[in-house]
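Notes to accompany the following structure.
Quick note on labels: first sequence line is chain A, next is B, and so on, each numbered from 1.
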Amino acid sequence: MFATHPNSASPEIPAMQEKYTPADIERAAQAHWQKTGAARAVEDATRPKYYCLSMFPYPSGKLHMGHVRNYTIGDVLARFHKMLGFNVLQPMGWDAFGMPAENAALANHVAPAGWTYQNIDYMKKQLQSLGFAIDWEREFATCTPRYYRWEQWLFTRLFEKGLIYKKLGTVNWDPVDQTVLANEQVIDGRGWRSGALVEKREIPMYYMKITAYAEELLADLDKLDGWPEQVRLMQKNWIGKSVGVRLAFPYELDGKSEKLWVFTTRADTLMGVTFVAVAAEHPLATRAAQNNPELAAFIEECKRGGVAEADLATMEKKGMPTGLFVQHPITGAQVPVWVGNYVLMNYGEGAVMAVPAHDERDFAFAKKYQLPIKQVIAAEGETFSLEAWQDWYGDKTKGVCVHSGKYDGLNHEAAVDAIAADLSAKGLGEKKTQFRLRDWGISRQRYWGCPIPIIHCADCGDVPVPDEQLPVVLPENVEITGTGSPLAKMPEFYECTCPKCGKPAKRETDTMDTFVESSWYFLRYACPDNDKAMLDERVNYWCQGGIDQYIGGIEHAILHLLYARFFTKLIRDVGLPGVAPIDEPFKRLLTQGMVVAPTFYREGENGKKLWINPADVDVATDERGRPTGATLKSDGQPVIIGGTEKMSKSKNNGVDPQALIDQYGADTARLFMMFAAPPEQSLEWSDAGVEGAYRFLRRVWKTVHEHVAAGPVAACSSGAELPEPLKDLRRKLHQTIAKVRDDYGRRQQFNTAVAAVMELLNAHDKADLRDAAGRALAQEILEAVVLMLFPIVPHIGQIAYAALKPGADAAQAAFPQVDETALVQDEIELMIQVNGKLRGSLKVPATADKAGIEAAALGSEAAIKFMEGKPPKKVVVVPGRLVNIVV
RNA sequence: GCCGAGAUGGCGGAAUCGGUAGACGCAGCGGAUUCAAAAUCCGCCGCCGCAAGGCGUGAGGGUUCGAGUCCCUCUCUCGGCACCA
């Protein structure tokens with residue numbers, strides 16, 4: 001009756017014992033998958049592929065709950081699609097370069113490489129113990145030369161194409177440790193280790209010309225209909241295309257004629273300019289400070305502090321006049337030049353024109369320093385007042401120009417056009433499309449990263465390392481001191497000869513941003529063993545049309561995902577032999593929420609909070625279950641209940657997934673993760689919830705065991721001749737299959753899929769299924785229950801399915817099909833509302849028409865009672881739902 | 001500060017296209033079983049009210065026969081802000 005499965009002979013699948021023992025079951029199931037190569041992915045042009053990718057982890061030491069959640073979601077989707085008949089690839093690797101390895105080296109005097117490889121070993125074992133269907137033959141770590149040599153190779157190609165170039169960039173400089181700091185290493189303006197006040201410093205860096213792809217990266221967002229709308233919107237705003245005018249304020253200084261360039265989207269307010277502001281690093285500021293010690297001191301002050309935009313945007317806006325003036329490009333009037341701490345040298349032109357009347361920040365700045373405010377836009381029905389800012393002042397869509405000479409009466413668009421035309425005629429400006437997106441600075445003055453393959457020659461300049469000299473191998477025996485850059489202290493690394501002229505030269509000692517490795521790893525999974533090329537034709541099979549599903553944290557919505565899209569286009573345009581062009585890497589994207597947990601603390605001396613791990617706390621509740629207080633388990637004394645926050649070391653509210661796996665097994669961990677919240681939402685940790693997941697699995701196990709123990713069943717139910725109650729139960733079964741398929745596939749909402757299966761099992765338990773027809777239906781239901789749960793809890797599924805169908809292999813089984821004939825219903829229940837309030841219900845034949853339903857509703861007891869004899873004014877019939885009678 | 005999300009019982013969440021608010025689970029309460037406990041099973045479980053009924057989806061307004069869902073205003077929480085990954 002059922003076709004036997006090709007791999008069904010599986011003697012190592014143990015018989016079902018009465019007691020559910022996760023450790024034994026999981027060991028047996030994993031051994032079986034290993035033996036049958038269940039997770040291996042082999043290219044097969046005759047079958048549709050499904051490439052299911054989860055963001056690879058940084059090997060930080062051990063898995064955290066966020067990893068467990070991420071990879072369980074991926075595994076559920078991978079296994080579900082395998083059951084639908086797809087040829088599935090689910091790979092895994094290691095994002096192995098990064099700062100934590102250097103921090104660990106500093107703290108524990110271990111080599112970053114050794115530390116990293118040890119972490120990988122441990123975390124790989126953890127991933128394997130969770131039973132993920134990963135093709136481990138494709139595994140790689142990005143810190144191996146076998147991987148990063150191709151990154152270096154691509155770098156040299158991009159360098160030759162001019163898509164990588166060198167310019168000055170601003171970094172956080174720790175003057176005590178003599179080192180560059182990451183933004184997260186700057187705490188309240190001070191270096192994290194030295195405590196020294198951090199300074200901004202300009203250093204030469206390599207940049208990737210992502211702005212050359214800004215238009216395409218923006219336009220292609222429209223193609224990504226498998227992405228969450230919020231992610232596309234965030235990327236669109238990040239790219240930030242705006243059309244404006246680049247214009248110049250001419251000036252004379254030291255006998256030379258110069259121009260100060262600015263960019264503005266509000267050229268229509270040009271006649272309202274009352275000053276211009278330049279960055280502290282701007283040449284005009286430097287020049288003005290030469291004979292102005294007060295200004296020089298202010299510029300020094302501006303250079304203090306870090307470079308993070310969030311800090312710059314929230315700090316107090318300060319400024320100082322330079323004493324210099326430029327000419328207004330239209331009127332020729334003298335406009336004072338100020339230095340502003342909020343103007344950034346690397347953004348746009350490093351200078352801005354200020355129109356206090358029509359820009360909120362300029363308004364506040366002008367008020368603070370008593371600078372003139374000149375209204376040049378007026379809107380009907382609105383009164384301009386210098387007293388306080390009003391939102392309409394800055395609204396492009398409102399008003400027309402005033403006090404603007406020949407431009408008076410023009411609206412925003414017309415005024416911009418007219419002013420741009422006049423500026424263009426004078427050679428003082430033109431319309432320009434500008435992007436907020438900036439080129440990507442990839443140089444890092446760090447050790448644990450991919451070396452930049454450039455050789456500096458006194459005669460030949462920056463020379464890319466030739467192919468035959470790649471890879472530039474990162475030495476693994478180094479000393480990390482926390483000061484300076486380790487590679488810059490290693491002559492054996494940087495001393496070399498120029499590939500062009502053969503003279504002694506110096507190798508670049510900066511490494512690349514670790515976002516570079518994660519910008520192309522997903523393509524390399526198709527061909528990780530190729531030592532002759534970066535990518536090969538296997539990419540055409542797995543990645544064509546994009547990777548089918550990508551899963552990762554919402555925190556990567558902008559940077560990582562934008563860089564990965566950018567690299568896919570770069571690789572396409574470099575053109576790799578045999579590799580067909582790909583425009584977009586990820587067809588469908590699922591962004592998962594964080595894992596959060598309650599926090600507990602005690603106030604220490606001087607009000608410092610001492611955070612206590614939830615595992616060490618007992619929470620007391622009142623008779624309704626509301627928490628009334630919490631005590632520390634060890635001493636029974638009260639602790640303070642804090643908020644629910646992202647699991648972190650600093651709040652000590654992390655729960656180790658390993659403890660969970662050890663106590664309950666991988667299936668319980670996986671089930672809890674999928675059941676507690678939908679994937680996109682944050683997930684609250686709950687010990688009690690874990691208990692519930694475990695209880696449910698025990699119940700599934702017991703139900704299947706009892707059914708099997710009662711002896712063999714002749715056949716699955718076909719439903720044709722079932723009595724009414726069983727017919728209803730069978731309808732419920734097939735409704736559930738339809739819902740679970742939709743939840744796994746289209747909706748990607750697994751908590752409701754689990755809930756639906758729980759409901760089905762509840763209905764099964766309530767029904768009397770002791771006779772032959774009932775036993776047959778029970779067989780059909782239990783097989784479906786086990787297979788529907790299989791993507792989430794594959795270990796218990798593997799064993800239980802083999803017990804239900806001796807010799808069958810759940811890992812090769814197809815997902816249950818919906819029997820449409822089982823869904824047919826004779827009678828439908830409708831709700832009755834009177835004036836929008838629910839008053840009763842009504843059963844009508846499925847075939848009833850609107851008129852019949854209306855008559856039946858008006859004649860119903862509930863309607864007559866609540867209409868209170870008033871005639872119906874209107875009757876709304878929503879087929880299959882309700883009837884609303886308005887009186 | 002800017003960009004993007006979110007807010008529903010004691011708790012996690014469900015309600016998919018504007019149509020039964022609270023599915024499913026946790027906690028709690030009552031009962032069965034047990035020498036006892038664990039486990040398991042059965043029942044109750046938004047708030048107020050004896051009941052009839054009324055109220056109820058962060059707050060305030062609006063659209064609609066009907067709003068958790070759509071529109072406007074506001075509050076709070078979270079993610080990102082280019083060197084954490």
Touch class at under 4.0 angstrom, heavy-atom based, for A:Leu683 against every strand present: nothing
Chi class for B:C74: syn within 90° of 0, otherwise anti: anti
Verdict with supporting geometry, A:Asp177 and A:Ser194, side-chain hydrogen bond (donor to acceptor under 3.5 Å, both in side chains): CA-CA 7 Å; A:Asp177 278 346; A:Ser194 68; 4.5 Å; no
Length of the CG-P vector between A:Leu63 and B:A85, whole Å: 19 Å
A:Trp94/A:Tyr521 aromatic ring centres below 6.0 Å: no
Proximity to the side chain of A:Gln230 - top-ranked nucleotide from B:A82, B:G19, B:G4: B:G4
First encountered from the 5' end of RNA chain B, between A:Asn884 and A:Leu233: A:Leu233
Nearest listed nucleotide, side chain of A:Phe866, among B:G53, B:C83, B:C81: B:G53
Sugar-phosphate, base or nothing in reach of A:Ser686, heavy atoms under 4.0 Å: nothing
Test of ring centre spacing under 6.0 Å for A:Tyr342 and A:Phe365: yes
Separation between the P atoms of B:U69 and B:C24, rounded to whole Å: 24 Å
Touch class at under 4.0 angstrom, heavy-atom based, for A:Met315 against every strand present: nothing
Nearest listed nucleotide, side chain of A:Asp95, among B:C24, B:A85, B:C26: B:A85
Side chain to side chain contact (heavy atoms under 4.5 Å, CB included) assessment of A:Tyr744 paired with A:Ile792: CA-CA 10 Å; A:Tyr744 281 161; A:Ile792 297 175; 3.4 Å; yes
Paired and unpaired positions of RNA chain B as dot-bracket, Watson-Crick or G-U wobble under 3.5 Å, | denoting a partner strand: (((((((..(((......[....))).(((((.......))))).(((....)))..(((((..]....))))))))))))....
Per A:Ala182 side chain, nearest of listed nucleotides B:C84, B:C24, B:G79: B:C84
Sugar-phosphate only, base, or nothing, as touched by A:Val171 at under 4.0 Å among non-hydrogen atoms: base
Syn-anti status, with the boundary at 90° from 0, for the nucleotide B:G53: anti
Geometric class of the A:Phe97/A:Trp448 ring pair [parallel <30°, tilted 30-60°, perpendicular >60°]: perpendicular
Parallel, tilted or perpendicular, as decided by the 30° and 60° cut-offs, for the rings of A:His556 and A:His560: perpendicular
Sugar-phosphate, base or nothing in reach of A:Val878, heavy atoms under 4.0 Å: base
Given B:C65, B:U40, B:A85, the nucleotide with the shortest approach to the side chain of A:Pro100: B:A85
Contact under 4.0 Å: A:Arg444 side-chain N or O vs B:A82 OP1/OP2: no
A:Glu316 and A:Lys368 ion-paired at < 4.0 Å: yes
side-chain hydrogen bond (donor to acceptor under 3.5 Å, both in side chains) assessment of A:Thr211 paired with A:Asp439: CA-CA 6 Å; A:Thr211 52; A:Asp439 277 340; 2.7 Å; yes
A:Arg699/A:Asp765 ion pair, N-O < 4.0 Å: yes
Atom P, compared across B:C3 and B:G54: separation rounded to whole Å: 45 Å
Earlier contact from the 5' end, RNA chain B, for A:Ala693 and A:Arg698: A:Ala693
Any A:Thr514 side-chain nitrogen or oxygen under 4.0 Å from OP1 or OP2 of B:A85: yes
Which atom of A:Thr179 lies closest to which atom of A:Gly482, heavy atoms considered: CG2-O, 3.8 Å
Touch class at under 4.0 angstrom, heavy-atom based, for A:His556 against every strand present: base
Euclidean distance for P, B:U77 against B:C72 (whole angstrom): 23 Å
Sugar-phosphate, base or nothing in reach of A:Gln833, heavy atoms under 4.0 Å: base
Given B:C83, B:C84, B:C24, the nucleotide with the shortest approach to the side chain of A:Glu184: B:C84
B:A15 to B:G46 separation - C1' atoms, rounded to the nearest Å: 16 Å
Spacing of the P atoms in B:C17 and B:C65 (rounded, Å): 23 Å
Check: A:Arg746 side chain, B:U16 base, donor-acceptor under 3.5 Å: yes
Any A:Lys865 side-chain nitrogen or oxygen under 4.0 Å from OP1 or OP2 of B:G53: yes
N/O (side chain, A:Arg839) to phosphate O (OP1/OP2, B:U20) under 4.0 Å: no
Sugar-phosphate only, base, or nothing, as touched by A:Ser443 at under 4.0 Å among non-hydrogen atoms: base
Side-chain N,O (A:Gln681) to OP1/OP2 (B:A14) below 4.0 Å: yes
N-O pairing of A:Asp513 and A:Arg444 below 4.0 Å: yes
Sugar-phosphate only, base, or nothing, as touched by A:Asn762 at under 4.0 Å among non-hydrogen atoms: sugar-phosphate
Sugar-phosphate, base or nothing in reach of A:Phe515, heavy atoms under 4.0 Å: base
Pairwise C1' distance for B:G43 and B:C50, with rounding to whole Å: 23 Å
Residue-phosphate contact under 4.0 Å: A:Lys837 side-chain N/O, B:G56 OP1/OP2: no
Chi angles and distances behind the side chain to side chain contact (heavy atoms under 4.5 Å, CB included) call for A:Met205, A:Val171: CA-CA 10 Å; A:Met205 303 209 291; A:Val171 295; 4.3 Å; yes
Whole-angstrom distance between B:G19 and B:A67, as gauged at atom P: 11 Å
A:Val876, nearest nucleotide to its side chain (from B:C26, B:C65, B:A23): B:C65
Side-chain N or O of A:Asn183 closer than 4.0 Å to phosphate OP1/OP2 of B:A82: yes
Selection from B:C24, B:C83, B:G1 that lies nearest to any side-chain heavy atom of A:Glu759: B:C24
Donor-acceptor pair under 3.5 Å, A:Glu691 side chain vs B:C26 base: no
Phosphate OP1/OP2 of B:A82 contacted by A:Arg438 side-chain N/O (<4.0 Å): no
Selection from B:G13, B:G19, B:G80 that lies nearest to any side-chain heavy atom of A:Ile558: B:G80
A:Arg747 side chain near B:A15 phosphate (N/O to OP1/OP2, under 4.0 Å): yes
Whole-Å C1' distance, B:G30 and B:U16: 37 Å
Any A:Asn751 side-chain nitrogen or oxygen under 4.0 Å from OP1 or OP2 of B:A23: no
Any A:Arg436 side-chain nitrogen or oxygen under 4.0 Å from OP1 or OP2 of B:C3: no
From B:G79, B:A15, B:A82, nucleotide with atom closest to A:Met234 side chain: B:G79
